[in-house]
Amino acid sequence: MVFYSELMEVEHFQTIYHMFVGVLLVFVISTVAVDIIDQGRLVLEFDLLFYTFGQFGTVVWSWICLFIYSLLVPYKVLSFWGSWYPKSKHKLLLSTCLGIFLLVSQTCVLCIFPIYVVNHYRLPPASSFIVTLEQVRFLMKTYSFCRETIPVVLQDESKEKNAKMPSLSSYLYFLFCPTLVYRDSYPRTPYIRWKYVAKNFAQFLGGVFFLYFIMVTLCTPVFKNLSKQPFSTKTLVLSIFHATLPGAFVLLISFFAFLHCWMNAFAEMLRFADRRFYKDWWNSKSFSNYYRTWNVVVHDWLYYYVYQDLLWLLKKRFRTGVTLAVFLISATVHEYALTMSLGFFYPVMFCLFALFGGIFNFMMNDKRTSPIWNVMLWTFLFIGQGIQLCLYCQEWYAQIHCPLTEKTFWGLVTPRSWSCRL
C-alpha cells in the first residue's frame, strides 16, 4: 500500500510546495508594505479572520452535543436490537419501533439541531461551516455503522446464533478516524510520530492564513464595491476571470490543508495506517477519474452506500440514472454546506456540480487518454472556481448593502445581487 504523504518527499513535489510558501510570503510582505506606506506603521489586522471564526464557544458545545449523541444513541439502540432480535417473537414490531425511534432521534439531533444552532446564534461563516461539516460527518458515520452492523445481526440470526456486536471502543475509534466506512478494525501503524503531527497541524494553520490573505488581498478590494456599479455583461465576465486566480489558489490550498494535512495529522495520532485520502487527481484526463480520486474518503461512502445499494435495489439496472442520483445527492450536500455557512441560498455550486459536472462526467470519461484532456480539465476547474468565488462574493456584499425589508419566501431564495444597485 502506498502512503500518499510520501509524495511530499519527492523533490518535484517539494518544489511545488516551496512555490506556494513563497506566494504566501509575498502576500505577507505586500500586506506589511501597504500598512507601512498607508499607515506609517505595522498594523496587521486580522478582523476578518476573527470574525469568520467567531463564537467558537458555541461551536464547541454544539459539537460536544453532536458527538455524545452519535456515540451513545445509535450504538445503544443497535446493541439493544441485536441482543433481543434473535430471541424475540415479534421481530418486525421490535425492528419497526426501534427503527422509528432511531430515525426520529437522528432527525432531531443530527438534522434539526445544527440548523437551529447556526441560525439562532447567527454563527459567522467558518464557525457555521465547522458545525455543518460535523453534522454531515456524524450523519455519514452513524449511517455507515448501522449499515454495516444490521446485516451482520440478520445473517447470524439466520444461522441461529447470537450476533457479536461491535465494541464501544471500536465504534468510538471509528468516530474519530479519517474514514467514513465502518470496520471492526483497521490497519494500524506501530507508533505515533508527534513531530509529523505538529508539522501537519502547522501546515494546516498556514493554509488558513493563506486563504485569509487571498480573501483580503485579491477578493475583498474587488467585490466590496462591485454592487455599487451598474450591471453589465462586461463587468460580470471581467470579475469572473479576475476571480479565477484566487479561486485556483482556494481550490489547491483547501485540498492541501484539509485532505492532506488535517487528515494525515489525525491519522497519525490514531495510528490509522490507510492514508489513501486522495489519489493523483491532478493527473486526471477525465472528470469521472477526477471525481473518484479527488476525495477518496467521501467517494468510498457514496460508492458503497448510495451507488451499490441503489444498483442492488434496482437489480443492476439504470446505471446511468444511479450515477446521476449520486451526483445530485453530492451536489445537494455541498450546496447545503455553503448555504448554511454563508447564510443565503444561491445554488451556484449545485448547478456547476450537478449540471455541468454530470455532463462533463459522461463527455470526459476514462476513454480520454490524450494529455490535452488534462489541460481541459484544469481549464474547466479554474473557470468553475472563478465563477463560484465571483458570484458568492458578489452575493455576500449584496446581502450587506441591500438587506431585505420584508422577508418572503421568494425574497429569501432570489439572489440579492441580481437587483442590488446602489
Side-chain angles (χ1 to χ4, degrees), residues 2 4-5 7-8 10 12-17 19-20 23 207 210-211 214 218 237-261 263 276-303 306-307 319-320 322-335 337-338 347-392:
V2 177
Y4 285 85
S5 59
L7 287 173
M8 298 307 298
V10 179
H12 300 295
F13 277 86
Q14 284 184 342
T15 301
I16 297 174
Y17 172 79
M19 290 168 60
F20 276 88
V23 174
F210 206 148
L211 294 174
I214 289 172
L218 300 179
V237 172
L238 289 177
S239 59
I240 287 176
F241 281 100
H242 179 89
T244 300
L245 178 61
F249 276 123
V250 170
L251 173 72
L252 297 173
I253 295 165
S254 299
F255 158 76
F256 177 74
F258 182 72
L259 285 175
H260 183 82
C261 299
M263 302 286 269
R276 192 176 57 178
F277 309 127
Y278 56 89
K279 298 180 183 177
D280 58 336
W281 60 268
W282 48 86
N283 292 325
S284 298
K285 299 180 178 67
S286 66
F287 267 88
S288 56
N289 185 70
Y290 166 75
Y291 289 130
R292 289 195 302 268
T293 56
W294 161 262
N295 187 338
V296 174
V297 178
V298 173
H299 170 268
D300 286 349
W301 191 94
L302 290 171
Y303 178 76
V306 180
Y307 183 78
R319 287 182 180 271
T320 301
V322 171
T323 302
L324 290 175
V326 173
F327 267 96
L328 287 174
I329 292 172
S330 183
T332 301
V333 174
H334 279 79
E335 187 58 47
L338 282 177
V348 179
M349 166 74 82
F350 179 85
C351 293
L352 290 175
F353 199 147
L355 181 59
F356 293 101
I359 293 173
F360 289 148
N361 181 70
F362 292 105
M363 289 179 57
M364 297 178 62
N365 52 44
D366 292 334
K367 296 179 181 179
R368 314 296 185 182
T369 57
S370 173
I372 190 65
W373 292 103
N374 184 248
V375 175
M376 291 182 63
L377 182 137
W378 278 103
T379 303
F380 288 137
L381 282 179
F382 288 158
I383 293 176
Q385 286 297 117
I387 293 173
Q388 290 184 66
L389 189 61
C390 171
L391 296 184
Y392 281 124

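All residue numbers in this chain count up from 1 along the given sequence. Please read these numbers as outputs of a predicted model, since none were measured by experiment.
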Are side-chain heavy atoms of [X] and [Y] found at a separation under 4.5 Å?
X    : Y    : result
L259 : W294 : yes
I253 : I214 : yes
Y291 : F353 : yes
N374 : W282 : no

For a side-chain contact (heavy atoms from CB on, under 4.5 Å) check, start with the C-alpha distance between V306 and W301, then their side-chain angles and the critical distance, and finish with the verdict.
CA-CA 8 Å; V306 180; W301 191 94; 3.8 Å; yes
Does CZ in F382 sit with more than 12 non-hydrogen atoms of other residues, nucleotides or ligands closer than 6.0 Å?
yes
Kindly check if the number of other-residue, nucleotide or ligand heavy atoms within 6.0 Å of OH (Y307) is above 12?
yes
Closest contact, heavy atoms only, [X] versus [Y]:
X    : Y    : value
L211 : V250 : CD2-CA, 3.9 Å
G384 : L352 : O-CD1, 3.7 Å
G247 : L389 : N-CD2, 3.6 Å
G386 : A243 : O-CB, 3.5 Å
G207 : A257 : CA-CB, 4.4 Å

Taken in chain and number order and not counting sequence neighbours, the residues that satisfy side-chain hydrogen bond (donor to acceptor under 3.5 Å, both in side chains) with Y392 are E335
When rounded to the nearest 0.5 angstrom, what is the spacing between [atom1] in [X] and [atom2] in [Y]?
X    : Y    : atom1 : atom2 : value
C261 : F255 : SG    : CZ    : 9.5 Å
W373 : F287 : CH2   : CZ    : 11.0 Å
L218 : H242 : CG    : NE2   : 6.0 Å

Between H260 and Y278, a side-chain donor and acceptor under 3.5 Å:
yes
S330 (side chain) donor-acceptor with V326 (main chain) under 3.5 angstrom
no
If only atom types and distance count, is the side chain of N295 paired as donor or acceptor with the main-chain N or O of V298 below 3.5 Å?
yes
